[in-house]
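To start, the structure itself, in structure tokens.
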Amino acid sequence: MLRFLQTLDRRWIFLLMLLAVGVPIVLQLRFPESITPNTLAAFAEIEKLEPGSRVLLSFDFDPASAGEIAPMATSFTYHAAKRGARLYFMALLPVGPQMAEDTIAKVIARDFPEMRYGVDFVNLGYKSGLEAVIKVIATDLRQMFTTDARGAGIESIPMMAGVRSVQDMDLVVSVSAGYPGVKEWVQYAKTPFPDRISMIAGVTGVQAPPLLPYVPVQLPGLVAAIKGAAEYEALLADAYGLQAEPRYQEGRRRMGSQLVGHVLMILLIITGNVVYFLTRRQERQREARR
Amino acid sequence: MRRTIPLFITTAAGVVLVVAYFVPWMSALGETVSTWFNILAAIAFILGGGNLMKMNLRKISDRVPGWGYSVVTLVAFVVTLAVGLAKVGVNPLPEYPSYAWSGEFNEQGSAFWWIYEYTWKPLTATMFAMLAFYVASAAFRAFRAKNIEATLLLGTAFLILLGRTYAGVWLTSWLPEDSPLRIELLSEFVMETFTTTGTRAIMIGVALGVVATSLRILLGVDRSHLGSGRN
């Protein structure tokens, strides 16, 4: 057995991981979610929006991280739309506008057909310049965004009336998978205007620890990784009765895979260590015999 | 002169941005400098495209090992750029039916959309997803409790791995709900106390380093961003 484990072909490990993430999805394993304070705080920030509030959703992620981030982007969009907010989508990554369009098609087009483009929601698109874009729009949005993602002039979009900068938004929601993203939003928008800009964020698991020092002063709410997305979905399901809608249960669906995947990882680490120490003992015994 | 002018621009732009942060009436000037940066960043895309062509054409020309990948890169780049710029398969907007190019380049059903939806999106998602397999393999072969530090690290990893799933809740469900020994609460404690403290210390250290490096660049002491000057 020890010999087998010492020379284990890594393709067996790949197969185990495939089963660990695949089987729970096929079997649709679901587990209850214990809600963390950071997710609850993010939910509360959107929950307190009044109808007609302005919400800026910065979709700073791409298809590579969409598996982890898209469920929370979907939930944020649904929640804000349900609260009757006007939604302003933008992106700091070139493919961000496409992510926004995907979410608009998935959420607004299907569940809020009464929302009109340019009146209730708009996709402002992508602008190059990384954090410099945030720095400029924090004081003058129109200097960067002269048109929306569809090429329509900003002046011709009804819901842009009265919007001069990010400070005119009631809430900024940054959904990001790296640089530029939440950290840059905190540094260049929230920190210079702490009383005029409110923001929450949704991020990948690896991005969450470096952002924890910003909680709760700069970031009152932080939804982290697929676990955070699942928690948000659970809150949303309880508040708005979405239990039966698979589109709003993607995070919870993926938590089954995460559970089995994590347990497999722990078992692999333990097995690897047992093999390591047994091998070392064998080597010592061999040397002692010499 | 080739180094003096860029150095002057760097110093002037940097000083304006620093001063504008503290002096409200200079904020408009700071915004202008930021806008210049954004324009330069947009132009950098063209330079990036040119550089990609140059590097890969050189690899193909020199027949370096793996030059076939450069062919794939160049073909993908040129085809995507061409179908996007030419708006292949895009329908005119209903309000401008006589203008063939009035539609959006990424309209659903267009060639560009097809490349994005059925090539780029699954490929990038697959690349990211493959990490799980390599991490699993590394977990078996590399994570060893060789000393106290490594053992502490492994113990914390187990706690976080379990605490981020229902497994953690289930394993200590026999404890009272507010017991600090419950794995999900322990995992939160580790994240909020140890991780946040450590991260904050690193952030302060990095920020001080950034200030020092920025000052060196602004004062012209560090000129590495101007290149070696050989080209």
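Below, read A as the first sequence line, B as the second, and so on, with proteins coming before strands; counting in each chain starts at 1.
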Short side-chain donor-acceptor distance under 3.5 Å, A:Glu231 and A:Thr36: yes
Heavy-atom pair count under 4.5 Å with chain A, highest-scoring of B:Thr197, B:Leu154, B:Leu185, B:Val169: B:Leu154
Engaged part of B:Val135 at the chain A interface, taking heavy atoms whose separation is under 4.5 Å: both
Ring centroid separation B:Tyr118 to B:Trp113 under 6.0 Å: yes
Choice from B:Ala42, B:Ala136, B:Gly168 maximising heavy atom contacts with chain A below 4.5 Å: B:Ala136
Chain A interface, residue from B:Tyr116, B:Phe37, B:Phe143 that has the most non-hydrogen pairs under 4.5 Å: B:Tyr116
Among A:Ile13, A:Val95, A:Leu212, A:Leu259, residue most engaged with chain B (heavy-atom pairs, under 4.5 Å): A:Leu259
Derivation and outcome, side chain to side chain contact (heavy atoms under 4.5 Å, CB included), residues A:Lys183 and A:Gln207: CA-CA 9 Å; A:Lys183 191 173 182 180; A:Gln207 222 193 336; 5.8 Å; no
Proximal component of A:Leu8, with respect to chain B [non-hydrogen, under 4.5 Å]: both
Toward chain B, the part of A:Pro97 with a non-hydrogen atom under 4.5 Å: neither
Separation between CD1 of B:Ile160 and OG1 of B:Thr165, rounded to the nearest 0.5 Å: 11.0 Å
Interchain contact, B:Arg141 with chain A, by part (heavy-atom threshold 4.5 Å): side chain
Ring geometry between B:Tyr134 and A:Phe14 (parallel below 30°, tilted from 30 to 60°, perpendicular above 60°): perpendicular
Contacting moiety of A:Ala224, where chain B heavy atoms sit under 4.5 Å: both
No-hydrogen, no-angle side-chain donor-acceptor test under 3.5 Å, A:Tyr179 and A:Glu131: yes
Pick from A:Leu18, A:Asp62, A:Val263, A:Leu130 with the largest number of heavy-atom pairs that fall under 4.5 Å of chain B: A:Leu18
Part of A:Tyr188 within contact of chain B (heavy atom distance under 4.5 Å): neither
Intermediate values then yes/no, side chain to side chain contact (heavy atoms under 4.5 Å, CB included), B:Met53 and B:Val78: CA-CA 9 Å; B:Met53 295 280 286; B:Val78 172; 4.3 Å; yes
Reported CE-to-CZ distance for the pair A:Met255 and A:Arg30, which is rounded to 0.5 angstrom: 12.0 Å
Residue part contacting chain B, namely of A:Leu267, when any heavy atom lies under 4.5 Å: neither
Contact class of B:Glu31 relative to chain A, heavy atoms under 4.5 angstrom: both
Proximal component of B:Trp120, with respect to chain A [non-hydrogen, under 4.5 Å]: side chain
Point-to-point distance, once rounded to the nearest 0.5 Å, from OG of A:Ser257 to CG of A:Leu19: 11.5 Å
Residue, of B:Gly103, B:Ala139, B:Ala44, that accumulates the most heavy atom pairs under 4.5 Å with chain A: B:Ala139
Atom group of A:Ser34 that falls short of 4.5 Å from chain B, counting heavy atoms: side chain
Inter-residue atom distance A:Ile69.CD1 - A:Ile226.CD1, 0.5 Å rounding: 8.5 Å
Top of B:Met127, B:Met130, B:Lys146 for chain A proximity - count of heavy-atom pairs under 4.5 angstrom: B:Lys146
Residue, of B:Gly198, B:Ala167, B:Ala138, that accumulates the most heavy atom pairs under 4.5 Å with chain A: B:Ala167
B:Phe105 versus chain A, the contacting section by heavy-atom distance below 4.5 Å: neither
Test item: A:Thr146 side-chain N/O and A:Arg142 main-chain N/O as donor-acceptor pair under 3.5 Å: no
Exercise: do B:Asn56 and B:Tyr69 side chains pair donor with acceptor under 3.5 Å: no
